[in-house]
J.: 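I have a structure I would like to understand better, so I am pasting it below and will then ask my questions one at a time.
Side chains are part of it too, since the values below use all heavy atoms of this structure and drop only hydrogens, waters and symmetry mates.
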Amino acid sequence: MKKFDKDRLILGFAGPVLALVVAFALTTVVLLASGKNPFEPYRLMFDAATYADVQVLIINQAGTYYLAALAVAIGFRMNLFNIGVDGQYRLAAMVAALVGASVSLPGPFQIALIVIVAMLVGAFWAGIAGFLKTTRGVSEVVSTIMLNSIATALIAWLILPKNFGEQPVGSNNLTTGDLPESGWFPGLSMGAEAGEIYGFTFVAAACGVVYWFVLNRTRFGFDLRATGESESAAQASGVDAKKMILTSMLLSGGIAGLAGMPTLLGDTHTYSLDFPTGIGFTGITIALLGRNNPLGIAFSALLIAFLDKTSASLDQFGYEKEIATIMQGLIVISVVVSYELVRRYGIRRQQQKVGEELAAGHALTTEKEAAL
């Protein structure tokens, strides 16, 4: 049986906990510097979270964030920085909405078609960066950033009424047309006042389970993690590193394509200019805070969703709702700093334990020699 490593568990929690404490402390300093009550906004946000409708909004938002963070985490585990999740998610949602609005199939088939199209588009868009990296050595950071901009321009062109979009009468908005009701993913009703939890939120949770199983219980997951730790060592052991890089980018993009499905299938039932943006970048924050662990990512997604949804009413009480945005930015900075501090402490602690064990072994040997 594997020995329980208490130090490893403590160090695993120390990073995110320290990051959150520092972020909240710095936010408090910012509030003090602006002449505001440093504790009142927190109370107002927790009060807002007691309402059922806000709780449903938090859960639904967390589902979307969770999928985006999983997409980022797959890249991180391969030592790849997929900054293009936002472009992959938006382009996938847009094309899936176009296909879904133009086809009418029986319920499960309609939903399956939309989901498969979204995954394929997301995988294709991320695969471009993977292909450039494996064949031309182009950094995935540069290529995915550029692909985000290209995706934005492509969406703007596709959604024009003269191409594939529609403009509702009396509106300046542009849409892809409404999905037929067979393409609406059923949700879990929490009452007339609270609304319903998107059904795809539960699919997001299932994706987390699959992510954990594949990475920790399959040969592919082992090869992926090994390649991320050391590409040269993985190649020496027979792993095709270039193939793993391309596969990881395809998987990351496929999951990114799912990030728009909770909103598309459970709420808007169309893609429009109002569709949420910035989800992919928030996913980076959540993946970092959750340390690429599916459970840690879940708690991080709930935290960021909590900050988003409970801060919406702060301006009614004289506080800027951007406080939550400031806090999220500080969390990112704090995560980087705190994880480095914890890593260095962990190395020193490991060196200390090795020294103690060597000293204990030497003492035992000396005692045996003295006894002889």
J.: What pair of heavy atoms forms the shortest contact from Val85 to Ala68, and how long is it?
T.: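 Closest heavy-atom pair between Val85 and Ala68: CG1-O, 4.1 Å.
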J.: Mind checking what makes side chain to side chain contact (heavy atoms under 4.5 Å, CB included) contact with Val22, not counting sequence neighbours?
T.: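 Checked Val22 against side chain to side chain contact (heavy atoms under 4.5 Å, CB included); matches are Leu18, Leu26, Ser334.
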J.: What side-chain donor-acceptor pairs closer than 3.5 Å can you find for residues 272-288, not counting sequence neighbours?
T.:
from	atom 1	to	atom 2	distance (Å)
Ser272	OG	Asp274	N	3.2
Asp274	OD2	Asn173	ND2	2.9
Thr282	OG1	Gly278	O	3.1

J.: Is a side-chain donor-acceptor pair under 3.5 Å present for Asp308 with Gln328?
T.: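 Short answer, yes.
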J.: With sequence neighbours left out, write down each residue that passes ring-ring contact (aromatic ring centres under 6.0 Å, His included) with Phe306, or none if nothing qualifies.
T.: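 With sequence neighbours excluded, Phe306 shows a ring-ring contact (aromatic ring centres under 6.0 Å, His included) to Phe46, given in chain and number order.
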J.: Search all heavy atoms of Ile323 against all heavy atoms of Thr27 and return the closest pair with its distance.
T.: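 The answer is CG2-CG2, 4.1 Å.
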J.: What residues, two or more places apart in sequence or in another chain, satisfy side chain to side chain contact (heavy atoms under 4.5 Å, CB included) together with Leu44?
T.: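 Checked Leu44 against side chain to side chain contact (heavy atoms under 4.5 Å, CB included); matches are Glu40, Leu314, Phe317, Tyr319.
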J.: Output the rest of the hydrophobic cluster of Leu250: all Ile, Leu, Val, Met, Phe, Trp and Tyr residues reachable through side-chain heavy-atom contacts under 4.5 Å, sorted by chain and number.
T.: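 Result for Leu250 is Leu246.
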J.: Is it true that a side-chain atom of Trp125 and a backbone atom of Asn148 form a donor plus acceptor pair closer than 3.5 Å?
T.: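 A pair under 3.5 Å: no.
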J.: Please name all residues satisfying ring-ring contact (aromatic ring centres under 6.0 Å, His included) with Phe81, sequence neighbours left out, ordered by chain then number.
T.: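 Partners of Phe81 under the ring-ring contact (aromatic ring centres under 6.0 Å, His included) test: Phe76.
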J.: Under 3.5 Å, is there a donor-acceptor pair linking the side chains of Asn82 and Gln88?
T.: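 Yes, side-chain donor-acceptor contact under 3.5 Å.
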J.: Quick check against the 3.5 Å criterion: does Thr175 have a side-chain atom that pairs as donor or acceptor with the backbone of Thr270?
T.: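 Here the side-chain-to-backbone pair does not exist.
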